[in-house]
Structures are given as C-alpha cells and as structure tokens.
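Beneath this line is the structure, given in structure tokens, with notes to follow.
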Amino acid sequence: MHVSLYMQTGIVTRRLLSASPETVAPRLLGAVLESTVHGERVSVRITEVEAYGGAGEDPGSHAFRGQTPRNATMFGPPGHAYVYFTYGMHWCANVVTGPEGSASAVLLRAGEIVEGIEVARARRPSARSDRDLARGPARLTTALGVTGEHDGADLLGDASPLRLFLPSRPDPVVVVGPRTGVAGPGALTPWRFATDHPTVSPYRPASRRSP
DNA sequence: CTCGAGATGGCCT
DNA sequence: GGCCATCTCGAGT
C-alpha cells in the first residue's frame, strides 16, 4: 500500500472523525483498516459504509434509547472501534464518530482485501470468491479476525491491533441511499455510502425481509 | 441472478 | 418473548 497517501498522525484523523457520522461516512471510502490478530496481518480497503446517529436522534441506531452496556463505546471518544454481536453468531464493526458523548458511529459494511489475503481466505472458507471475503459487515470482521475483544480499541494507536488509515483523497461516492438493515422510522434516511467496487454488498431494504 | 428458510444467542422491554 | 445494523445453503428463474 502507498503509505504516503495515508494520513499517519492520529491527532489530525481524530479531529476529522469528531464530525457527524454522515460527514465522516463518505470520507471512510478508500480508508484502510489493518488488523493484527495472533501475529497475522490483514488489511481491507473500505468500499461501503452506513452512518448511525446518537441518542434520541436516529431510531435505527443502537444508541437511540440511550446508553447500555453493549453500546457504551458509542458514547466514548471518536476513533475507537464499536464492535457488537448480533444474530447469535456475527460480529459487526463501527468507527465511533462525533465528539465524546454524542454516540454516533459508522458501520463498516464491505471492503476489498489488500493485504493478507491468504489469512483472510483461511478465515472465510465459505467465500466463493475473493470478492466475497469482506463483502458484508460480518464477513468483513471475520476476514479481519475482529471480535468483541476489539470493542473499544483505539483505531489511531500505533500499537493497536486495529488501525485505521484515512485517505487524503477518499474514493468517489457513487451510491447514496437508505441503510440496508434498518426498518421503521428512519429507514429511508440516505445514510448508506458506497463506491462502485464489486465488493459492495447487495442492497436489500429492511421491508422486503419482514412481510 | 433471486428467493426463502434456518441457524443461534444476547439484548432490552 | 420478540427482535435483531447477518450469513449460508439449496432451489428456482
């Protein structure tokens, strides 16, 4: 990867991430998330994200009804990972955004493996092709080896097992639309952003899955 | 490609 | 008890 294209100083990146989630979300397209788990390194270039608002603001957000043990990381400072368990078997990863206390975040929905593809393949044996390795939020965490242990990890720490590198020039946004798994009020808020890369996950409105 | 169904358990009311 | 910010597999178009 071309390191010179990525901002390295945490203080600059942290300030960018303290903006609102819908502002930060498109800036994460083209960002690289690097994991070091059990000594093995895998990196993904982010191709699809969704923004989630804070307490009392966004009915689709985990933070909507206030702080709980699960969503506590969302209420912390920006630039940390909010990792949660869902459907009894999957982990999903977010970048916490906004100032401390605002409880907003950006869900990482899909990416392209740019480093450690052999490790990613071993972690995702059901993937039919390399483009499916990190196509989908739970597939992305599986490929990276991300679990609940990473909840709260500082993405901007030099020695962190999870590190985020923002591009000085984000990839172009070619898809803006409603979020994928969100039903009810707020379902139509256009807070899903994606590039045109083939790893972008198929779009399924929540209403189609709940008759 | 699309669709439907089952897996599987934590979280919150 | 009901609801999940999902994935996989098999079968159909």
Side-chain angles (χ1 to χ4, degrees), chain A residues 20-22 24-26 28-29 33 44 46-75 80-98 102-111 113 120-152 155 162 175-194 196 198-211:
Chain A
S20 66
E22 69 271 31
V24 173
L28 292 179
L29 298 178
L33 182 65
V44 293
I46 302 302
T47 57
E48 179 184 358
V49 297
E50 282 175 0
Y52 287 89
E57 299 171 352
D58 176 8
S61 172
H62 287 173
F64 181 62
R65 293 166 204 285
Q67 186 167 345
T68 67
R70 175 170 76 156
N71 66 20
T73 301
M74 289 184 79
F75 288 78
H80 289 245
Y82 167 49
V83 181
Y84 68 89
F85 188 62
T86 191
Y87 289 104
M89 58 195 115
H90 299 304
W91 298 100
C92 295
N94 296 250
V95 176
V96 174
T97 60
S102 68
S104 61
V106 175
L107 173 69
L108 305 178
R109 289 200 55 89
I113 305 291
R121 285 174 183 146
R123 289 176 178 156
R124 293 261 308 115
S126 62
R128 293 180 140 262
S129 69
D130 286 348
R131 98 168 177 167
D132 286 341
L133 289 172
R135 188 191 198 210
R139 292 167 168 182
L140 185 149
T141 57
T142 300
L144 288 174
V146 168
T147 68
E149 297 174 20
H150 297 98
D151 182 42
L155 297 171
L162 267 184
V175 178
V176 178
R179 293 173 295 190
T180 299
V182 177
L188 297 183
T189 312
W191 276 2
R192 173 177 181 259
F193 303 89
D196 64 355
T199 53
V200 173
S201 62
Y203 174 60
R204 302 208 210 301
S207 54
R208 204 201 296 178
R209 296 178 300 156
S210 308

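Reminder, nothing fancy here: chain letters follow the sequence lines and each chain counts from 1.
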Using a 4.0 Å heavy-atom cut-off across all strands, classify A/R128 as base, sugar-phosphate, or nothing. nothing

Rounded to whole angstroms, how far apart are CZ on A/F193 and C1' on C/dA5? 15 Å

Taking N or O atoms only and anything under 3.5 Å, show me the protein contacts with nucleotides 11-13 of chain C, one pair per line.
none

Below the 4.0 Å mark, does C/dT8 have OP1 or OP2 next to a side-chain nitrogen or oxygen of A/S126? yes

Please write out each protein N/O paired with an N/O of nucleotides 5-8 of chain B under 3.5 Å, distance rounded to 0.1 Å.
from  : atom 1 : to    : atom 2 : distance (Å)
B/dT8 : O2     : A/Y87 : O      : 2.5

So, the side chain of A/T199 versus the backbone of A/A110: is there a donor-acceptor pair under 3.5 Å, distance only? no

Sub-6.0 Å ring centroid separation between A/Y84 and A/H62: yes

How far apart are the closest heavy atoms of A/T97 and A/S102, and which atoms are they? O-OG, 3.6 Å

Less than 6.0 angstrom from the centroid, inside 45 degrees of the normal: does A/R70 satisfy that with respect to the ring of A/Y82? no

Salt bridge flag under 4.0 Å for residues A/R121 and A/D130: yes

Is A/Y84 stacked on the base of C/dA5 when the test is centres under 5.5 angstrom and planes under 30 degrees? no

Salt bridge (Lys or Arg N to Asp or Glu O under 4.0 Å) between A/E50 and A/R179: does it pass, once the steps are laid out? CA-CA 6 Å; A/E50 282 175 0; A/R179 293 173 295 190; 5.5 Å; no

Is there a donor-acceptor pair closer than 3.5 Å between any side-chain N or O of A/R124 and the backbone N or O of A/A120? no

Any A/V83 side-chain heavy atom under 4.5 Å of A/T147 side chain: no

Tabulate atom names and distances for all N/O pairs under 3.5 angstrom spanning the protein and nucleotides 11-13 of chain B.
from   : atom 1 : to    : atom 2 : distance (Å)
B/dC12 : OP1    : A/T68 : OG1    : 2.4

Which atoms form the tightest heavy-atom contact between A/V200 and A/R192, and what is the distance? CG1-NH2, 3.7 Å

Please name the nucleotide paired to B/dA7 by Watson-Crick or G-U wobble geometry with both distances under 3.5 Å, or report none. C/dT6

What are the two closest heavy atoms between A/W191 and A/D58, and how far apart are they? CZ3-OD2, 3.8 Å

Would you name the heavy atoms of A/A143 and A/I113 that are closest together and state the gap between them? CB-CD1, 4.1 Å

Under 4.0 Å from OP1 or OP2 of C/dT8: is there any side-chain N or O of A/R124 that close? yes

